[in-house]
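Bear in mind that the values here come from a model prediction, so they are computed numbers and not experimental data. For this chain, numbers begin at 1 and follow the sequence in order.
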Amino acid sequence: MKKTYKIEVDCANCANKMEIAAKNTPGVKDAVVNFMALKMKVEFEDGADPAEVMPAVLKNCRKVEDDCEIEF
């Protein structure tokens with residue numbers, strides 16, 4: 001399953017860090033952050049519940065960029 005989320009991030013480098021953090025979250029198969037569009041596309045692993053995975057994605061992203069936001 002793939003979903004797109006609106007994000008708030010200050011710079012392209014921070015967006016890259018968010019992408020890496022999201023990819024390293026359990027339940028996430030792949031993630032792509034588009035800084036210009038301020039969007040994150042997340043592909044979830046089979047059987048993963050986005051409602052449970054996305055709070056973990058946000059937590060991991062805030063470890064590398066503490067003022068980022070993901071609307072889910």
Side-chain angles (χ1 to χ4, degrees):
M1 174 189 323
K2 294 181 182 179
K3 288 191 156 217
T4 302
Y5 299 92
K6 185 174 179 346
I7 62 169
E8 291 182 28
V9 64
D10 298 330
C11 68
N13 187 41
C14 299
N16 188 46
K17 290 179 183 178
M18 284 180 67
E19 182 175 306
I20 293 166
K23 286 181 179 182
N24 291 326
T25 304
V28 175
K29 186 173 185 179
D30 193 26
V32 177
V33 173
N34 183 326
F35 173 67
M36 296 302 289
L38 292 177
K39 301 221 182 259
M40 175 187 284
K41 291 183 182 179
V42 180
E43 182 177 354
F44 298 95
E45 293 178 354
D46 292 337
D49 181 3
E52 293 177 7
V53 174
M54 286 310 295
V57 170
L58 180 59
K59 183 178 179 182
N60 283 348
C61 287
R62 286 194 172 156
K63 288 178 183 175
V64 294
E65 183 56 38
D66 59 355
D67 62 347
C68 70
E69 288 294 332
I70 304 173
E71 293 180 20
F72 51 89

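- Annotation: the span from Glu69 atom CD to Leu38 atom CG amounts to 12.5 Å, rounded to 0.5 Å.
- When all heavy atoms of Ala48 and Gly27 are compared, the closest pair comes out as CB-O, 3.7 Å.
- In this structure, Cys61 and Ile70 approach most closely via the heavy-atom pair SG-CD1, 4.2 Å.
- For the atom pair CG of Asn16 and CZ of Phe35, the computed distance is 11.5 Å after rounding to the nearest 0.5 Å.
- The CE atom of Met18 lies 9.0 Å from the CZ atom of Arg62; values are rounded to the nearest 0.5 Å.
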Go through the steps to decide whether Val33 and Met40 satisfy the test side chain to side chain contact (heavy atoms under 4.5 Å, CB included), and finish with yes or no. CA-CA 4 Å; Val33 173; Met40 175 187 284; 3.7 Å; yes

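- The distance from the CZ atom of Phe44 to the CE atom of Met54 is 5.5 Å, given to the nearest 0.5 Å.
- Identified under the side-chain hydrogen bond (donor to acceptor under 3.5 Å, both in side chains) test for residues 18-35, with sequence neighbours left out: Glu19-Lys23, Thr25-Asn60.
- In this structure, Phe72 and Pro55 have side chains that are in contact, with non-hydrogen atoms separated by less than 4.5 Å.
- With rounding to the nearest 0.5 Å, the separation of CD in Glu8 from SG in Cys14 is 13.5 Å.
- Minimum interatomic distance between Ala22 and Val57 (heavy atoms only, all atoms of both residues): CB-CG1, 3.8 Å.
- What you find for Val64 and Ala21 is that their closest heavy atoms are CG2-CB, 4.2 Å.
- Residues Cys68 and Lys17 form no side-chain contact, since every pair of their non-hydrogen atoms from C-beta on lies 4.5 Å or further apart.
- Sorted pairs that involve residues 37-49 and meet side-chain hydrogen bond (donor to acceptor under 3.5 Å, both in side chains), not counting sequence neighbours, are lacking altogether.
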